[in-house]
K.L.:
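Before I ask anything, here is the structure I am working with.
In what follows, chains are A, B, ... by sequence order, proteins preceding strands, each numbered from 1.
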Number of protein chains: 2
Amino acid sequence: MSPPKSGAAKAGDETTQQRVLRAAVRLFAERGFHGTGIRDLAAAAELTTSTLYHYMTNKDDLLVEIMMGAITPLRDAAAAIRADIADPATALCAIVEHHVWAHASDRLATLVTDTELRALSGDRLKDVLTLRDEYEGLWRGAVEAGVEAGVFSTAHPNLAARALLQMATGVSHWFSAKGRLKLDELCRTYADNALALLRATDPDGKPLVRADLNVPSPTRYLSPLP
Amino acid sequence: MSPPKSGAAKAGDETTQQRVLRAAVRLFAERGFHGTGIRDLAAAAELTTSTLYHYMTNKDDLLVEIMMGAITPLRDAAAAIRADIADPATALCAIVEHHVWAHASDRLATLVTDTELRALSGDRLKDVLTLRDEYEGLWRGAVEAGVEAGVFSTAHPNLAARALLQMATGVSHWFSAKGRLKLDELCRTYADNALALLRATDPDGKPLVRADLNVPSPTRYLSPLP
DNA sequence: GTCTATATACAGATAGAC
DNA sequence: GTCTATCTGTATATAGAC
């Protein structure tokens, strides 16, 4: 009930915890988890190391927090898309586009999530892996649904799903908002690439392209921010 | 001229330097470069830390050596394929298959190469990046050649090339020789996926599949081992 | 909530005997 | 070529005053 002592006054202001998370995401992405020291982290968040420990329990848990925060909305969005959209080609496009959109617009957090799994072990690793496996399962399911419906044609559906996922995840390695390519055009192109790779066809056997479909905007399935 | 004091007697034996490299590849892949200590490295190579330094200059250069050793043969093979094979679809398949073959059969070294670039800086980073950019350029060129010949159809050839490369590189994250999928079948599937993604067609406009082509074996373009 | 100061362990790398 | 011993710096994390 009492007003906060510092910051967080106006809406849109960043809490100290968010500042810590943002600094960690940037440094973990630039230098890697083990390449980032507590002192680097504290300096980037403009805190002393002791104060830093007031806002986190330890470095490992900070990484888990970043990863969970990146994967959970992806899984929720993919689950919602599969529940909402019956047409396999449209659903797959929506999943691909949401994934690409997230990896481009939250590039560093997704990059950390995809590259620092080996820094974790034990229960922390298990928790993140469980979530990630759920998410991958939704991709596999989307591909399989299309194969069963006769819309997709691929010799190894599971292999294709993994290939598509890794292709789309790669966006976080190079995307720049300053580049020539607009975000929505990028998403559409990856959806088209996915349909092509799966040799998607309409009932007449004609190759299916994204423009034939009514794919919802990638921002449609945003999770409410914490 | 004098016989070596220890090991390296019979052909097929491993020199101490090779043992160091092998240990480094395994540990860097498992724990990451910064997650691997000099002591871990020495223990894995069954040496003391001092003796380890007799076989390497320092940890950074060891990483560079691993990366160069992984990328150089890939670049050489892709360059040879582009020089040898005029047909764009066949050349692209050969490049994809060689890449997948290398990433599956030398999984850990390629994984390290693809994930630890950020551990390098300065000239060391520049050297590796130069080589990697050359390699990526060969992929781009192969895709563009097919687009210009009217064999491939894609809205963003450069984007497609990068997507294909990242898709194929992903193999090093999960492949296991013990799995059900045979290596040659894996290579063929990725080549087919690549043709599909590029919407490759024959002169009659019929979708092209890998079985229509005369693709050389991935082992055809092996570099002689050092 | 924020600080100074520090505990304790380990990092990469080397000296110098044999 | 291999060893024991060690240098020097930095790692994560905490104690305890304010």
Side-chain angles (χ1 to χ4, degrees), chain A residues 1-9 13-25 27-28 30-66 112 116 118-122 124-125, chain B residues 1-9 13-25 27-28 30-66 112 116 118-122 124-125:
Chain A
M1 288 304 180
S2 59
K5 303 276 169 61
S6 69
D13 266 15
E14 200 179 37
T15 68
T16 306
Q17 233 214 61
Q18 289 170 332
R19 194 148 41 88
V20 169
L21 271 175
R22 223 165 37 88
V25 164
L27 290 181
F28 291 171
E30 277 173 12
R31 315 177 189 178
F33 178 76
H34 288 305
T36 303
I38 293 291
R39 287 162 180 77
D40 306 324
L41 220 45
E46 296 177 288
L47 300 170
T48 63
T49 65
S50 304
T51 309
L52 174 63
Y53 273 94
H54 184 77
Y55 290 100
M56 68 175 197
T57 58
N58 57 50
K59 218 177 97 172
D60 282 357
D61 283 337
L62 189 59
L63 178 59
V64 171
E65 201 177 334
I66 291 169
V112 168
E116 291 296 350
R118 62 186 166 190
L120 293 178
S121 60
R124 276 186 270 249
L125 177 61
Chain B
M1 288 303 184
S2 59
K5 304 274 170 60
S6 69
D13 265 16
E14 200 179 36
T15 67
T16 305
Q17 233 215 57
Q18 288 168 332
R19 192 148 43 87
V20 168
L21 272 174
R22 224 164 37 87
V25 164
L27 290 181
F28 291 171
E30 277 173 13
R31 316 177 187 178
F33 178 75
H34 289 305
T36 303
I38 292 292
R39 285 160 183 80
D40 305 324
L41 219 43
E46 296 177 287
L47 301 170
T48 63
T49 64
S50 305
T51 309
L52 174 62
Y53 273 94
H54 183 79
Y55 290 99
M56 68 176 198
T57 58
N58 56 51
K59 218 177 98 173
D60 283 357
D61 283 337
L62 189 59
L63 178 59
V64 171
E65 201 177 334
I66 291 169
V112 169
E116 291 296 351
R118 62 186 165 189
L120 294 178
S121 60
R124 276 187 269 249
L125 176 61

K.L.:
To the nearest Å, give me how far apart CG (A:L52) and C1' (D:dT14) are.
P.N.:
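For the pair A:L52 CG and D:dT14 C1', the rounded distance is 13 Å.
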
K.L.:
Does C:dG12 have OP1 or OP2 sitting under 4.0 Å from an N or O in the side chain of B:R39?
P.N.:
no

K.L.:
Between C:dC3, D:dT2, C:dA13, which nucleotide gets closest to the side-chain atoms of B:T51?
P.N.:
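In terms of side-chain proximity for B:T51, the closest of C:dC3, D:dT2, C:dA13 is D:dT2.
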
K.L.:
Using a 4.0 Å heavy-atom cut-off, does A:T57 contact any base of the nucleic acid, only the sugar-phosphate backbone, or nothing at all?
P.N.:
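No contact.
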
K.L.:
Less than 4.0 angstrom from a charged side-chain N to a carboxylate O is my criterion; do B:R118 and A:E116 meet it?
P.N.:
yes

K.L.:
Output the rounded distance in Å from CG (B:L41) to P (C:dC10).
P.N.:
17 Å

K.L.:
Reckon A:Y55 has a side-chain N or O less than 4.0 Å from the OP1 or OP2 of C:dT2?
P.N.:
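Yes, such a contact exists.
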
K.L.:
Taking N and O atoms by type only, does the side chain of B:S50 place a donor or acceptor under 3.5 Å from a partner on the base of C:dA15?
P.N.:
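Per atom types, the contact qualifies.
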
K.L.:
What are the two closest heavy atoms between A:L47 and A:T51, and how far apart are they?
P.N.:
CD2-CG2, 3.9 Å

K.L.:
Just wondering, do A:L62 and A:L41 contact through their side chains at under 4.5 Å, heavy atoms?
P.N.:
yes

K.L.:
Report yes if some heavy atom in the side chain of B:R19 is under 4.5 Å from a heavy atom in the side chain of B:Y55; otherwise report no.
P.N.:
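The answer is no, as the side chains (C-beta and beyond) never meet within the 4.5 Å cut-off.
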
K.L.:
What is the distance from NZ of B:K59 to P of C:dG12, rounded to the nearest Å?
P.N.:
4 Å

K.L.:
Quickly work out the A:H54 NE2 to D:dA15 C1' distance and round it to whole Å.
P.N.:
16 Å

K.L.:
How close or far is atom P of D:dA11 from atom CG of A:N58, stated in whole angstroms?
P.N.:
17 Å

K.L.:
Could you tell me the separation between the CG atom of B:D60 and the P atom of C:dA11, rounded to a whole number of Å?
P.N.:
16 Å

K.L.:
What is the distance from CZ of B:F33 to C1' of C:dG12, rounded to the nearest Å?
P.N.:
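Rounded to whole Å, this separation is 10 Å.
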
K.L.:
Once you round it to whole Å, what is the distance between P of C:dG1 and CD of A:E46?
P.N.:
18 Å

